[in-house]
Amino acid sequence: SAFLGRKSGQHVIKSAADLCDYLLDVHGVSTVPGSAFGCATAIRLSFAASEPELEKALSRISEGLAQLQ
């Protein structure tokens, strides 16, 4: 929820779904809106990947979140 209302370029984060779309479109990381699991202001991560792939994904997520203002 800390990122709702922020933006990066053309991407405005109005919902967790917008944040998921932004992370996928711009940073190549797939996440799921928390609304599917009862929390509309969160995103959900899956850890069904190798540790190196997870580290790469977390780095991309961190970079993407840092770009939101």
Side-chain angles (χ1 to χ4, degrees):
S1 63
F3 296 94
L4 299 182
R6 295 187 184 192
K7 64 180 182 173
S8 177
Q10 299 288 341
H11 295 273
V12 179
I13 310 303
K14 297 178 185 175
S15 67
D18 289 340
L19 181 56
C20 291
D21 290 342
Y22 162 73
L23 290 172
L24 180 60
D25 293 346
V26 179
H27 298 282
V29 179
S30 180
T31 56
V32 178
S35 58
F37 303 93
C39 186
T41 60
I43 63 172
R44 187 169 173 112
L45 307 176
S46 172
F47 295 96
S50 68
E51 190 169 332
E53 287 296 314
L54 291 172
E55 289 174 359
K56 187 175 171 182
L58 290 173
S59 178
R60 289 179 179 183
I61 290 170
S62 178
E63 180 181 314
L65 296 176
Q67 292 176 6
L68 293 170
Q69 299 180 9

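Residue numbers run from 1 in the order of the sequence given.
- Residues forming a side chain to side chain contact (heavy atoms under 4.5 Å, CB included) with S46 (at least two apart in sequence, or on another chain): A48.
- To the nearest 0.5 Å, atom CZ of residue R44 and atom SG of residue C39 are 11.0 Å apart.
- Separating the NE2 atom in H11 from the NZ atom in K7 is a distance of 12.5 Å, to the nearest 0.5 Å.
- In this structure, A17 and P33 approach most closely via the heavy-atom pair CA-CG, 3.8 Å.
- Clustering of Ile, Leu, Val, Met, Phe, Trp and Tyr by side-chain heavy atoms under 4.5 Å joins L65 with F3, L4, I13, L19, Y22, L23, V26, V29, I43, L45, F47, L54, L58, I61, L68.
- Heavy atoms only, all atoms of each residue included: H27 and R60 are closest at O-CD, 3.1 Å.
- Proximity of a side-chain donor or acceptor of S15 to a complementary backbone N or O of D18 within less than 3.5 Å is detected.
- The heavy-atom pair separating A42 from A16 by the smallest distance is O-CB, 3.2 Å.
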